[in-house]
Trainee: 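Mind having a look at this structure? Questions to follow.
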Amino acid sequence: MISNGLGAPPAAWPLLTDAGCGFSAVSWSHRGLGGSERPVDPARISVEDHAADLEATMDDAGFERAVLLGWSIGVDVAFEFARAHPERVAGILGVGGLPGGSFRAFGPPVQPAAVREGLGRGAAWLLRLMGPPAAALAYPAVNVARALGVDHVAPLPDLAASTQVAREFAMHPWTWYSELLLAAGNHPPIDTGFVAFPVTLVGGTLDIAVAAADIRSVATTIPQARFVPLVGTHFLPLEQPHRLHQELIALAERAGFRP
């Protein structure tokens with residue numbers, strides 16, 4: 001069950017769109033994005049509301065129990081669903097995200113939590129201004145950097161998937177996207193004491209949206225969790241798809257599933 005990054009299409013997980021990937025994978029588009037309608041009540045965009053959409057999608061797919069694959073805010077949504085329905089969760093693979101308190105992990109860990117949260121909220125609001133040009137330029141900018149030999153830019157093994165994701169983001173209504181992100185950022189940290197299933201948390205060493213150090217800290221509080229640092233930014237699903245697929249297979253096996 002893919003609990004995707006906010007506004008990300010299924011193409012963000014190129015290996016899971018292949019019929020021979022070893023998994024039956026489903027996902028949904030967030031409220032007001034990717035063809036999904038906005039809710040009648042515009043305030044119904046909390047993490048709890050997204051978790052309800054996860055449940056509805058899971059029910060529609062006929063999944064009684066599943067491994068949850070979360071990315072970014074989708075990690076928070078996955079843990080919120082798991083808190084409400086632990087019996088339906090076999091395991092969680094979280095990439096570039098936390099179980100709540102997302103803005104507190106924005107930017108360098110050396111900054112005080114209040115400063116980081118303020119910066120995260122500011123960046124989320126600015127997306128309504130900067131989102132359209134950033135999305136339109138993201139794919140060519142990475143290619144130019146690689147062509148110039150900038151070696152700290154993480155690899156993009158699947159350029160077709162990157163193009164598809166960038167195209168999807170360029171079409172988003174960015175004021176609404178900003179409102180969705182700000183609402184999700186209001187979700188407080190989740191007490192993970194209920195977790196009795198295996199968890200793998202992955203952090204990008206170059207990620208400024210959710211610092212890897214904060215992800216590592218959360219992993220130490222969950223008995224069955226392992227932390228995996230990978231070279232990359234917030235877009236690890238596109239930068240390290242094969243490694244993440246290996247981690248997904250390993251987690252499924254820890255959960256007693258055979259892909």
Side-chain angles (χ1 to χ4, degrees), residues 1-6 8 10 12-17 21-27 47 50-51 54 58 63 65-102 105 109 154-155 157 189-207 209-259:
M1 184 69 217
I2 304 173
S3 180
N4 227 339
L6 189 64
W13 301 92
L15 298 186
L16 287 177
T17 62
C21 69
F23 293 92
S24 175
V26 296
S27 190
V47 166
H50 298 311
L54 187 159
M58 194 168 167
F63 291 176
R65 186 166 173 264
V67 170
L68 307 185
L69 171 57
W71 174 27
S72 191
I73 289 295
V75 177
D76 193 2
V77 174
F79 274 96
E80 179 60 37
F81 172 81
R83 177 165 62 175
H85 307 283
E87 75 285 353
R88 302 194 65 179
V89 179
I92 292 179
L93 172 58
V95 181
L98 297 172
S102 299
I190 295 174
D191 182 350
T192 56
F194 69 91
V195 175
F197 45 76
V199 172
T200 299
L201 297 179
V202 182
T205 57
L206 304 174
D207 192 346
V210 181
D214 294 276
I215 298 175
R216 180 191 295 110
S217 295
V218 169
T220 62
T221 68
I222 303 174
Q224 296 192 65
R226 64 187 295 260
F227 170 68
V228 179
L230 294 180
V231 176
T233 69
H234 198 58
F235 296 93
L236 284 175
L238 297 171
E239 298 163 350
Q240 299 273 11
H242 292 281
R243 179 60 191 279
L244 290 180
H245 200 73
Q246 291 172 359
E247 291 295 337
L248 182 60
I249 292 172
L251 178 66
E253 291 176 344
R254 286 167 62 201
F257 289 171
R258 298 293 300 178

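Note that the coordinates shown come from a computational prediction; the quantities given were computed from them, not determined experimentally.
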Trainee: Only distances under 3.5 Å count here; give the side-chain donor-acceptor pairs of residues 72-82 to other protein atoms, sequence neighbours excluded, each with its distance to 0.1 Å.
Mentor:
residue: Ser72; atom: OG; partner: His234; partner atom: NE2; Å: 2.8
residue: Asp76; atom: OD1; partner: Gly100; partner atom: N; Å: 3.0
residue: Asp76; atom: OD1; partner: His187; partner atom: ND1; Å: 2.9
residue: Asp76; atom: OD2; partner: His187; partner atom: ND1; Å: 3.0
residue: Glu80; atom: OE1; partner: Arg83; partner atom: NH2; Å: 2.5
residue: Glu80; atom: OE1; partner: His187; partner atom: NE2; Å: 3.0

Trainee: What are the two closest non-hydrogen atoms of Val199 and Leu251, and how far apart are they?
Mentor: N-CD1, 4.1 Å
Trainee: Give, for atom CZ of Arg65 and atom NE2 of His85, the distance between the pair rounded to the nearest 0.5 Å.
Mentor: 15.0 Å
Trainee: Partners of Ser24 by side-chain contact (heavy atoms from CB on, under 4.5 Å), sequence neighbours excluded?
Mentor: Phe63
Trainee: Report yes if some heavy atom in the side chain of Met1 is under 4.5 Å from a heavy atom in the side chain of Leu54; otherwise report no.
Mentor: yes
Trainee: Is any side-chain heavy atom of Val202 less than 4.5 Å from a side-chain heavy atom of Leu93?
Mentor: yes
Trainee: Which heavy atom in Pro99 sits nearest to a heavy atom in Thr192, and how many Å separate them?
Mentor: CG-CG2, 3.9 Å
Trainee: With sequence neighbours left out, write down each residue that passes side-chain hydrogen bond (donor to acceptor under 3.5 Å, both in side chains) with Trp13, or none if nothing qualifies.
Mentor: Asn4
Trainee: Applying side-chain hydrogen bond (donor to acceptor under 3.5 Å, both in side chains), name anything that partners Arg243, two or more places apart in sequence or on another chain.
Mentor: Glu247
Trainee: Test side chain to side chain contact (heavy atoms under 4.5 Å, CB included) on Thr233 and Glu239 and set out the steps.
Mentor: CA-CA 8 Å; Thr233 69; Glu239 298 163 350; 2.5 Å; yes
Trainee: With heavy-atom distances below 4.5 Å as the criterion, would you say the side chains of Leu248 and Leu16 are in contact?
Mentor: yes
Trainee: Checking Thr200 now: which residues fulfil side-chain hydrogen bond (donor to acceptor under 3.5 Å, both in side chains) with it, not counting sequence neighbours?
Mentor: Arg254
Trainee: Quick one: closest heavy-atom pair of Phe197 and Ala90, and the distance?
Mentor: CB-O, 3.5 Å
Trainee: Would you please name every residue forming a side-chain hydrogen bond (donor to acceptor under 3.5 Å, both in side chains) with His245, sequence neighbours left out?
Mentor: none
Trainee: Give the minimum heavy-atom separation between Val95 and Pro237, together with the two atoms involved.
Mentor: CG1-CD, 4.3 Å
Trainee: Looking only at non-hydrogen atoms, find the nearest pair between Ala252 and Phe23 and report the distance.
Mentor: CB-CE2, 3.9 Å
Trainee: Could you check whether any side-chain heavy atom of Leu230 comes within less than 4.5 Å of a side-chain heavy atom of Leu244, counting everything from C-beta outward?
Mentor: yes
Trainee: Rounded at 0.5 Å granularity, tell me how far CG in Leu15 sits from OG1 in Thr17.
Mentor: 7.5 Å
Trainee: For Ala213, which residues count as a side-chain contact (heavy atoms from CB on, under 4.5 Å) partner, sequence neighbours excluded?
Mentor: Pro109, Arg216
Trainee: Apply side-chain contact (heavy atoms from CB on, under 4.5 Å) to Ser217 and list each qualifying residue two or more places apart in sequence or on a separate chain.
Mentor: none
Trainee: What pair of heavy atoms forms the shortest contact from Asp214 to Leu98, and how long is it?
Mentor: O-CD2, 3.9 Å
